[in-house]
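What follows is one structure encoded as structure tokens, with my remarks underneath.
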2 protein chains.
Amino acid sequence: MSVTIRDVARVSGFSIKTVSNVINGHPQLRPETRQRVEDAIEELGYRPNLSARNLRSGRSGVIGLIIPDLTTAYFAELADAVMRTAAARGLAVLIEPIGSGRENELAALRGQHRHMVDGVIYSSLTLGAGDADLLKSVDTPLVVLGDTSFDGQVDRITMANTAGARAATEHLLAAGRRRVLALAAHEGDIVASAELRLAGYREAIEAAGLAFDPQLVCYADSWHRRGGAASMTKLLEDGVAFDGVFAFNDTLALGAMRVLQESGRRIPQDVAIVGFDDLDETRYSLPALSTVNPRRDDIATAAVETLLRRIEGGPELEAIEIETGFSLEIRESSGGSDQKATSATNAA
Amino acid sequence: MSVTIRDVARVSGFSIKTVSNVINGHPQLRPETRQRVEDAIEELGYRPNLSARNLRSGRSGVIGLIIPDLTTAYFAELADAVMRTAAARGLAVLIEPIGSGRENELAALRGQHRHMVDGVIYSSLTLGAGDADLLKSVDTPLVVLGDTSFDGQVDRITMANTAGARAATEHLLAAGRRRVLALAAHEGDIVASAELRLAGYREAIEAAGLAFDPQLVCYADSWHRRGGAASMTKLLEDGVAFDGVFAFNDTLALGAMRVLQESGRRIPQDVAIVGFDDLDETRYSLPALSTVNPRRDDIATAAVETLLRRIEGGPELEAIEIETGFSLEIRESSGGSDQKATSATNAA
DNA sequence: CTGAAAGCGCTTACAG
DNA sequence: CTGAAAGCGCTTACAG
């Protein structure tokens with residue numbers, strides 16, 4: 001039916017081995033030989049059968065990306081960055097959207113696609129230190145994205161949660177805000193990022209010589225617009241006074257912003273607001289939202305390269321952790337014009 | 001190294017064939033036999049090697065989804081719907097984001113993942129009637145999404161572009177608007193959807209006894225917020241008078257809405273606006289955007305099932321076309337409350 | 001119901 | 001540089 005390497009061998013007049021050498025870019029080949037094989041490949045329209053290659057080599061050239069869903073802008077943008085990075089290295093990405101919640105995250109580790117992929121990039125919100133053994137029991141090479149505390153047992157990529165949150169809060173304080181809300185989500189399970197961002201917020205408050213006021217820390221029940229809107233509605237009802245908001249992610253910020261505007265408050269004049277994530281849409285909101293840019297491209301690159309290292313190095317290799325940098329994007333919502341204040345860190 | 005079907009056979013005491021029968025749910029098996037094989041599978045932690053299965057069966061259980069990118073909300077939501085539908089049928093989805101433009105779309109047809117997937121769902125913006133031969137030359141089973149005119153040569157799923165656009169425009173006219181803009185994108189290449197939506201707009205205008213006014217048809221140079229904002233800015237500069245806008249998609253609408261609001265116009269009091277796509281975020285914009293809901297779940301289901309039919313039926317099968325229905329979601333931007341006016345069509 | 005055997009298309013020692 | 005041959009793990013006629 002379809003053209004195989006055997007057909008190419010027959011047409012070109014060389015052995016299967018030689019054809020294979022040409023396909024795989026083996027260096028020591030007479031140019032003439034290479035040319036004739038390539039002509040035959042072209043003529044026949046030969047394409048290697050990947051299943052056969054994978055069966056033989058034990059590699060599929062596909063990596064998995066496990067995320068809660070694809071419709072959340074944050075994960076869509078992350079997935080896009082991972083796919084671009086992977087494509088540049090000749091890898092395809094199989095996305096597995098698993099829904100949110102701890103149960104789904106655990107189930108995904110035993111997921112059906114496990115045997116199709118050479119390794120997995122796993123974006124976890126709910127796994128904690130206690131799950132390290134579980135993760136180590138997975139025989140697929142694995143890189144974890146996100147701030148779960150695994151202390152050196154699993155490869156992971158983390159972002160500058162604390163430093164980014166501190167920079168965002170400092171920016172609000174530098175603009176003269178004195179009562180800055182921390183709009184913080186927690187989703188039932190422990191979300192380590194939230195704690196780290198809260199720590200950064202607190203550092204900035206205290207470094208400015210202000211008192212950390214628990215009344216200004218407001219929990220939302222989801223990381224989405226709905227959660228931000230609901231929390232802000234409640235704050236306004238409760239009559240809490242504030243002149244700045246650091247939201248732990250952009251969608252919380254956008255939800256809160258809408259409620260603030262409906263209540264007649266002007267942004268940034270009455271309330272300045274900064275988010276976290278640098279979603280594409282923050283550039284187009286009204287007003288454009290200031291935010292912490294976690295550099296998704298850097299995260300994606302670090303994840304893919306760490307995974308490749310693990311795939312090649314095997315389980316013996318020591319686990320590494322890479323923390324990516326950030327920058328603060330100052331836009332209208334915090335009174336900035338469109339200039340960009342950058343402050344990046346990089347740690348290994 | 002890893003556990004194979006041979007190990008399961010050895011441990012269970014049955015032949016490889018019997019183990020295979022159990023794995024593939026072959027019906028005529030003594031329950032006791034099945035049980036003992038399943039125990040062995042469990043005990044050994046056996047998982048079938050998909051590469052081997054695929055090599056043998058010629059199927060991979062993976063379908064491709066070719067889209068321009070994943071960060072555009074429309075495609076992210078489409079991809080999510082396709083993945084959910086596919087997962088329900090035991091299929092994995094390999095997304096290939098190819099960038100926009102005709103060149104990229106053509107290149108994707110020869111893409112590197114072609115031999116990894118059983119078939120491809122291909123969301124095209126730029127392919128036209130002249131490309132039918134090209135599409136037919138692709139030996140992978142293929143379902144095209146979008147309104148490219150292929151008249152029965154390729155399986156395709158189309159949406160109710162004209163009917164949806166007409167319903168949106170009629171809704172604006174019914175609310176008393178008399179000068180309704182058509183905010184229409186065209187991206188260099190021919191985008192058939194835009195023509196069809198324009199036709200629906202025109203039908204509604206003329207059915208209402210109004211004259212079709214070319215001055216009210218405004219082209220944007222992209223389907224994104226930026227395009228909607230730029231077009232609206234130009235319209236306002238030119239002093240074109242209007243009291244309603246039917247935008248050909250939601251992001252155009254959101255971009256236009258921002259510019260209208262900055263100019264001091266109230267929505268919907270001064271200008272009522274309706275979009276197309278029912279993106280998740282339209283529920284959260286300020287004001288919430290009325291829009292045509294193209295029922296992405298229906299599109300995804302039709303696409304996956306048509307592809308499966310093609311994969312099983314082979315190239316001989318006659319090509320089919322399915323047009324999915326729509327509903328009109330009336331929200332604040334067109335003066336509605338939150339009720340829902342539904343009008344659906346379905347054709348084969 | 002079950003077993004022994006061929007073969008899917010490739011890569012890779014092993015010989016030359 | 002090149003060829004003949006084994007084998008990756010599975011499914012499936014073909015026999016029993």
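- Nearer the 5' end of DNA chain D, as judged by each residue's closest nucleotide, is the contact made by A:T33, out of B:N21 and A:T33.
- As rounded to whole Å, 9 Å separates atom P of C:dA13 from atom NZ of A:K17.
- The side chain of A:S20 contributes no N or O atom lying less than 4.0 Å from OP1 or OP2 of C:dC10.
- An OP1 or OP2 oxygen of C:dG3 is reached within less than 4.0 angstrom by a side-chain nitrogen or oxygen of B:T18.
- Taking atom C1' on both nucleotides, D:dG16 is separated from D:dT12 by 16 Å, rounded to a whole Å.
- In this structure, CZ of A:F14 is placed 17 Å from C1' of D:dA4, rounded to the nearest angstrom.
- Residue B:N24 places its side chain closer to D:dT11 than to any other of D:dT11, C:dC10, C:dG3.
- In this structure, CG of A:N54 is placed 14 Å from C1' of D:dC10, rounded to the nearest angstrom.
- Atom-to-atom, CG of A:L55 to P of C:dC8 comes out at 13 Å; the value is rounded to the nearest Å.
- Helical stems in DNA chain D, defined as runs of 3 or more consecutive Watson-Crick or G-U wobble pairs with both donor-acceptor distances under 3.5 Å, are listed by first residue as C:1-3 with D:14-16, C:5-12 with D:5-12, C:14-16 with D:1-3.
- The gap from the P atom of D:dA5 to that of D:dC1 amounts to 24 Å, rounded to the nearest Å.
- For the pair B:I16 CD1 and C:dG3 C1', the interatomic distance rounds to 10 Å; values are reported in whole Å.
- Regarding A:I41, its CD1 atom lies at a distance of 10 Å from the P atom of C:dC10, rounded to whole Å.
- Without hydrogens or angle criteria, A:R89 side chain to A:T85 main chain gives a donor-acceptor distance under 3.5 Å.
- Where B:G13 and A:R56 meet DNA chain C, the nucleotide closest to each residue was compared, and B:G13 sits on the side nearer the 5' end.
- Annotation for A:R6: atom CZ does not count as buried by contact number, only 12 or fewer foreign heavy atoms lying within 6.0 Å.
- Note that CD1 of A:I67 is 9.0 Å distant from CD1 of A:I98, once rounded to the nearest 0.5 Å.
- For A:R30, the listed nucleotide lying nearest its side chain is D:dC1; candidates were C:dG7, D:dC1, C:dG3.
- Atom pair B:R6:CZ and C:dA6:C1' shows a separation of 13 Å (rounding to whole Å applied).
- A donor-acceptor contact shorter than 3.5 Å is absent between the side chain of A:D298 and the backbone of A:R295.
- Checking side-chain atoms of A:S15 against main-chain N and O of A:T18 turns up a donor-acceptor pair under 3.5 Å.
- Between the side chain of A:S57 and the backbone N or O of A:R53, at least one donor-acceptor pair lies under 3.5 Å.
- Taking atom CD1 of residue A:I23 and atom C1' of nucleotide C:dT11, one finds them 10 Å apart after rounding to whole Å.
- Side-chain contact between A:R309 and A:I320 is present, with at least one heavy-atom pair separated by less than 4.5 Å.
- Here the CD atom belonging to B:Q35 is positioned 10.0 Å from the CD atom belonging to B:E42, to the nearest 0.5 angstrom.
- Nearest to the side chain of A:I5, among D:dC10, D:dT2, C:dC10, sits C:dC10.
- One finds no side-chain N or O of A:T4 lying less than 4.0 angstrom from the OP1 or OP2 phosphate oxygen of C:dG9.
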